[in-house]
Amino acid sequence: MAEGKFQSSRCTNCGSTDFIKDYEHGELVCEKCGYVAEEHIVDRSAEWRAFDEEEREKRDRAGAPLSLMIHDGGLSTQVGRAPPSMDQEHVDRMARWQDRVRVSNSSDRNLSHALNVIMKVGDSLNLPRTILESSSLIYRRALRSKLVKGRSIHGVVAASVYISCKQFGMARTLEEVASACAIAKKEAGRSYRYVAWELSVLTPPTSPEFYVTRFSEQLELPRSVEIFALKLLKMAVDLKLTSGRGPTGLAAAVTYVASLLAGEHKTQREIAEVAKVTEVTIRNRYKELLERIEITTPI
DNA sequence: AAGACGAAAGTGGTTGA
DNA sequence: TCAACAACTTTCGTCTT
């Protein structure tokens with residue numbers, strides 16, 4: 001099994017046991033040397049469970065992969081935890097299921113259409129299959145609860161995708177999801193609040209740390225800078241500097257400071273661009289940070 | 001000249017009466 | 001429904017490197 005490889009949590013390059021997760025690419029990367037220990041961990045859904053012996057044993061004993069039906073109805077109780085994995089077999093099953101319902105009644109046609117949209121959105125947002133499957137389950141629950149009636153399919157798809165991104169800690173903003181669904185942010189937001197409320201799905205705000213990882217990657221900053229930024233972020237959280245603040249602005253600010261102090265200087269403009277916030281916001285955030293934190297030179 | 005700074009006014013969303 | 005509010009944006013003049 002591919003998962004087995006992942007279990008040896010020692011870097012084959014330098015022997016370190018410290019790994020960090022790259023959510024953007026679903027990779028497990030050695031903290032010391034940057035060696036990519038395992039790719040596509042998100043697709044295999046290994047990263048959340050690989051260090052949990054009990055879970056792994058359970059799965060080993062069960063043998064076959066967990067069914068798509070299992071997390072149906074269980075979403076509201078699974079907040080913060082990743083649903084079971086999905087492999088090629090699941091994708092095939094989903095496709096077959098999609099084909100099967102195509103000719104049936106109106107709600108099945110609606111579902112079929114929505115699944116197509118979800119696939120496209122997932123493609124343009126670079127989302128792993130696990131999230132797409134989870135999105136489709138949320139959509140299906142919304143459909144069953146008659147939430148789609150009188151609303152646009154795209155709106156409910158946006159809500160479903162956004163909710164499952166949040167549940168998986170996948171850093172995607174509402175704006176990005178909305179634009180992938182070709183709808184306005186306002187409509188996506190309305191739809192998201194409605195669906196989340198009606199389905200009683202708890203969605204904690206996306207943690208800034210997921211954005212830090214993503215921005216560092218997009219800016220091609222070295223791993224050390226990202227790690228430093230995460231440390232700064234933790235300080236900010238501990239100092240309660242984060243409440244009420246947008247996660248992207250915060251992530252942008254710590255990324256900026258980290259890049260500065262690590263001698264890998266990026267301009268406020270560059271960071272503002274990938275973070276989709278303004279330079280002013282970056283300045284305001286990091287000013288607050290510098291007022292409260294004694295910066296010691298990193299590395 | 002580019003980057004950073006910060007003041008001031010404007011925007012869109014939330015909250016609470 | 002409306003006003004107050006906080007976070008954020010836009011714009012722009014000024015300072016720094």
Side-chain angles (χ1 to χ4, degrees), chain A residues 79 147 150-152 154-163 165-166 169 171-216 218-222 225-226 228-229 232-298:
Chain A
V79 175
L147 304 183
R151 248 160 268 270
S152 78
H154 285 255
V156 181
V157 164
S160 308
V161 171
Y162 186 57
I163 287 169
C165 282
K166 281 192 155 203
R172 294 292 180 275
T173 61
L174 180 62
E175 204 165 353
E176 289 167 325
V177 175
S179 106
C181 293
I183 60 174
K185 183 189 171 189
K186 204 171 171 180
E187 192 194 336
R190 214 177 9 226
S191 177
Y192 154 67
R193 281 190 302 276
Y194 178 69
V195 171
W197 171 260
E198 290 294 330
L199 297 182
S200 311
V201 180
L202 294 173
T203 51
T206 307
S207 165
E209 69 182 278
F210 298 118
Y211 288 112
V212 169
T213 300
R214 185 180 147 190
F215 298 161
S216 301
Q218 282 176 277
L219 292 161
E220 293 177 356
L221 286 164
V225 176
E226 178 190 331
F228 185 47
L232 288 172
L233 180 62
K234 189 173 180 311
M235 292 186 210
V237 172
D238 290 344
L239 288 166
K240 307 212 180 350
L241 255 41
T242 53
S243 111
R245 267 74 218 256
T248 47
L250 208 57
V254 293
T255 304
Y256 174 68
V257 177
S259 81
L260 247 177
L261 295 176
E264 294 282 345
H265 185 253
K266 295 279 173 195
T267 63
Q268 294 179 355
R269 226 193 73 76
E270 286 175 291
I271 295 179
E273 201 163 314
V274 300
K276 297 199 178 72
V277 295
T278 61
E279 295 153 69
V280 180
T281 300
I282 294 180
R283 287 200 286 271
N284 290 338
R285 280 307 82 74
Y286 97 80
K287 217 166 51 180
E288 292 166 1
L289 198 66
L290 295 185
E291 276 166 13
R292 300 286 301 277
I293 289 180
E294 288 172 39
I295 299 293
T296 50
T297 318

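Throughout, protein chains are lettered first and strands after them, A, B, ... in sequence-line order, and every chain is numbered starting at 1.
Taking atom CG of A:L290 as the reference point, atom P of B:dG6 lies 11 Å away to the nearest angstrom. With rounding to whole Å, A:K287 atom NZ is found 10 Å from B:dA7 atom C1'. Taking atom CZ of residue A:R285 and atom P of nucleotide B:dC5, one finds them 14 Å apart after rounding to whole Å. One interatomic measurement links the two molecules: NZ of A:K186 to C1' of B:dG13, which rounds to 9 Å at whole-angstrom precision. To the nearest angstrom, C1' of C:dT17 lies 13 Å from CG of A:L260. Atom pair A:K185:NZ and B:dG13:P shows a separation of 7 Å (rounding to whole Å applied). Taking atom CD1 of residue A:I282 and atom P of nucleotide C:dA7, one finds them 18 Å apart after rounding to whole Å. Taking atom CD1 of A:I271 as the reference point, atom P of B:dA2 lies 19 Å away to the nearest angstrom.
Applying the 4.0 Å criterion to OP1 and OP2 of B:dC5, one finds that A:Q268 has a side-chain N or O inside that range. Taking only side-chain nitrogens and oxygens, A:Y256 comes nearer than 4.0 Å to OP1 or OP2 of B:dA4. Taking 4.0 angstrom as the limit, A:Y286 places none of its side-chain polar atoms (N or O) nearer than this to OP1 or OP2 of B:dG6. In terms of phosphate contacts, A:R193 brings a side-chain nitrogen or oxygen within less than 4.0 Å of OP1 or OP2 of B:dT14. OP1 or OP2 of B:dA4 lies within a sub-4.0 Å distance of a side-chain N or O belonging to A:H265.
Between A:Y286 and A:Y256, the ring planes are tilted. Angles from 30° to 60° get that label.
Judged by distance alone with a 3.5 Å cut-off, a donor-acceptor contact links the side chain of A:R283 to the base of B:dG6.
No contact: A:R190 has no heavy atom under 4.0 Å from any strand.
The residue among A:V280 and A:K266 whose nearest nucleotide of DNA chain B lies closer to the 5′ end is A:K266.
Considering every non-hydrogen atom in both A:L219 and A:E270, the closest pair reads CD2-O, 3.9 Å. Across all non-hydrogen atoms, the minimal contact from A:P247 to A:P208 is O-CB, 3.7 Å.
Relative to the six-membered ring of A:Y194, A:R151 meets both conditions, a distance below 6.0 Å and an angle of at most 45° to the axis.
Of all nucleotides present, only B:dG6 satisfies the Watson-Crick or G-U wobble test against C:dC12, with each distance under 3.5 Å.
Comparing C:dC8, B:dA4, C:dT11 against the side chain of A:R245 picks out C:dC8 as the nearest. The listed nucleotides are C:dC8, C:dT10, B:dG3; the one nearest the side chain of A:T278 is C:dT10. In this structure, of B:dG13, B:dG3, B:dG6, it is B:dG3 that holds the atom nearest to the side chain of A:T267.
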Query raised in the report: Taking it one step at a time, do A:S152 and A:E187 satisfy side chain to side chain donor-acceptor pair (under 3.5 Å)?
Result: CA-CA 10 Å; A:S152 78; A:E187 192 194 336; 3.1 Å; yes
